[in-house]
Amino acid sequence: MLELINAARRRKRPPTHDLFDVVSLEFRVGLLDIDLNLQLNTGKYVKIMDRCRLEHAVVTGLLHRTVTARASTVVANTEIAYIRELRPYQRFEVHTRLLGWDDKYTYYDQRFESQRKLHTHALHRLAHMYGGKPISPPAFQEMTGLNRASPPLPEYVEDWKTLLQKKRSLTERDGEALRG
């Protein structure tokens, strides 16, 4: 909660980063952050990623524009690859960057690194909302006055989008079979 209050206080400051810049934050694994395997708890990863995307929004000016437009952004999908564990007291950095958008979603990439080694890699697909209903990234751009063009999405994001479409089709088929 304190992070939200802090972000709200800082949201009107002039941006220090461009929208597509990598924004990095440093952390250390605390004793209350670990699981039974003595490594960073998976739930804590998600909380840290939320915190880092919020910081990205603050330092790029995106948060101020979003709040002013009375819009919001929600996570629609997340894919996380846990490569190496993060142990108690280990220092690490999280690098967050906005990759771009398509006609429906905005995509973020987040990487947890320690001593120049990748520990965790996450992709996020976010939906923009206005009045409780989803709006397209171009509509969000217009509302917030950003009016930026998206760079081409990386191939691995396009592959992930294909996987999500197939997963949705399978889920819908399975749901129909259970009802039918």
Side-chain angles (χ1 to χ4, degrees), residues 1-11 13 15-66 72-102 104-128 137 148 150-167:
M1 186 59 144
L2 293 176
E3 292 150 355
L4 286 174
I5 294 168
N6 185 25
R9 276 189 22 253
R10 296 182 304 125
R11 77 178 172 89
R13 292 183 186 166
T16 57
H17 291 71
D18 183 66
L19 190 61
F20 297 107
D21 284 350
V22 174
V23 175
S24 300
L25 290 178
E26 293 182 7
F27 296 90
R28 181 184 286 227
V29 179
L31 288 178
L32 298 177
D33 302 332
I34 59 173
D35 61 17
L36 293 174
N37 296 318
L38 300 178
Q39 61 190 10
L40 187 63
N41 178 299
T42 54
K44 189 67 176 183
Y45 276 98
V46 175
K47 185 174 181 177
I48 290 169
M49 287 185 279
D50 285 346
R51 166 73 179 91
C52 293
R53 283 193 315 278
L54 178 62
E55 183 64 19
H56 184 277
V58 169
V59 301
T60 61
L62 187 58
L63 180 63
H64 180 62
R65 289 174 177 272
T66 302
S72 62
T73 304
V74 297
V75 175
N77 300 92
T78 299
E79 189 278 331
I80 305 172
Y82 300 100
I83 300 159
R84 292 179 182 84
E85 69 275 346
L86 288 166
R87 296 288 185 186
Y89 304 114
Q90 187 171 355
R91 291 182 185 273
F92 63 96
E93 291 181 340
V94 180
H95 306 287
T96 301
R97 71 182 174 127
L98 173 64
L99 297 171
W101 50 87
D102 56 23
K104 195 169 180 182
Y105 298 103
T106 297
Y107 298 87
Y108 279 83
D109 180 287
Q110 292 186 290
R111 296 166 190 253
F112 288 63
E113 294 181 4
S114 181
Q115 298 174 349
R116 294 184 166 153
K117 290 182 181 175
L118 181 63
H119 285 254
T120 302
H121 182 215
L123 293 175
H124 306 279
R125 183 160 88 164
L126 283 67
H128 299 287
R148 301 277 301 263
S150 175
L153 291 170
E155 185 178 341
Y156 63 92
V157 172
E158 296 296 342
D159 292 343
W160 184 46
K161 287 169 55 174
T162 301
L163 174 68
L164 289 171
Q165 288 170 345
K166 289 180 180 181
K167 183 178 175 185

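We use all heavy atoms of the structure for the numbers below, so side chains are in, but hydrogens, waters and symmetry mates are not. Numbers here are sequence positions counted from 1.
To the nearest 0.5 Å, atoms SG (C52) and NZ (K47) are separated by 12.5 Å. A distance of 12.0 Å separates CG in N41 from CG in L86, rounded to the nearest 0.5 Å. Taken to the nearest 0.5 Å, the CH2 atom of W160 stands 12.0 Å off from the CD atom of Q165. Expressed to the nearest 0.5 Å, how far NZ of K104 lies from CZ of R125 amounts to 7.5 Å.
Residues K161 and D102 meet the side-chain proximity criterion, which asks for heavy atoms closer than 4.5 Å. The closest side-chain heavy-atom distance from F27 to E93 is not below 4.5 Å. The closest side-chain heavy-atom distance from L126 to V74 is not below 4.5 Å. Between R148 and D18, some side-chain heavy-atom pair lies under the 4.5 Å cut-off. R111 places none of its side-chain heavy atoms less than 4.5 Å from the side chain of V94. When side chains are defined from C-beta on, L99 does not count as touching F20, because their heavy atoms never get closer than 4.5 Å. No side-chain heavy atom of D21 sits under 4.5 Å from any side-chain heavy atom of T60.
A donor and an acceptor atom, one from each side chain of D109 and Y156, are located under 3.5 Å apart. No side-chain donor from either of N77 and Y105 sits under 3.5 Å from a side-chain acceptor of the other. H128 and T73 share a donor-acceptor pair across their side chains, judged by distance under 3.5 Å alone.
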Report task. Take T78 and I80 through the side-chain contact (heavy atoms from CB on, under 4.5 Å) test and state the conclusion after the steps. Result -> CA-CA 6 Å; T78 299; I80 305 172; 3.6 Å; yes
Query raised in the report: Going through the distances and angles, do L118 and T120 end up as a side-chain contact (heavy atoms from CB on, under 4.5 Å)?
Result: CA-CA 6 Å; L118 181 63; T120 302; over 6 Å; no
Report task. May I have the step-by-step check of salt bridge (Lys or Arg N to Asp or Glu O under 4.0 Å) for E113 and K117, ending in yes or no? Result -> CA-CA 5 Å; E113 294 181 4; K117 290 182 181 175; over 6 Å; no
Report task. Tell me, with the steps shown, if E55 and T96 meet side-chain contact (heavy atoms from CB on, under 4.5 Å). Result -> CA-CA 9 Å; E55 183 64 19; T96 301; over 6 Å; no
**Report entry** CA sep, side-chain torsions, deciding dist, call: R53, V23, side-chain contact (heavy atoms from CB on, under 4.5 Å)
**Finding:** CA-CA 9 Å; R53 283 193 315 278; V23 175; over 6 Å; no
Query - Working for salt bridge (Lys or Arg N to Asp or Glu O under 4.0 Å), residues E85 and R87 - result: CA-CA 6 Å; E85 69 275 346; R87 296 288 185 186; 3.7 Å; yes
Report task. Evaluate the criterion salt bridge (Lys or Arg N to Asp or Glu O under 4.0 Å) for residue pair K44 and D35; output intermediate values, then yes/no. Result -> CA-CA 10 Å; K44 189 67 176 183; D35 61 17; over 6 Å; no
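Taking the six-membered ring where tryptophan is involved, the planes of H56 and Y108 are perpendicular, since the angle between them exceeds 60° and thus also 30°. Ring geometry for Y45 against Y82 counts as perpendicular: the plane angle is over 60°, on a 0 to 90° scale with 30° as the lower cut. Relative ring orientation between F112 and F92 is described as parallel, the plane-to-plane angle staying below 30° on a 0-90° scale split at 30° and 60°.
The backbone N or O of W101 lies less than 3.5 Å from no partner atom in the side chain of T106, so there is not a single donor-acceptor pair. Between the side chain of S150 and the main chain of G100, no donor-acceptor pair closer than 3.5 Å is present. Judged by distance alone, with hydrogens and angles left aside, the side-chain atoms of N37 form no donor-acceptor pair with the main-chain N or O of Q39 at under 3.5 Å.
The minimum heavy-atom distance linking M49 with A122 is given by the pair SD-CB, 3.4 Å. Here the closest heavy-atom approach between residue I34 and residue P88 is recorded as CG2-CG, 3.9 Å.
Just one of H95, H124, R97, H121 meets the side-chain hydrogen bond (donor to acceptor under 3.5 Å, both in side chains) condition when paired with Q110; it is H124.
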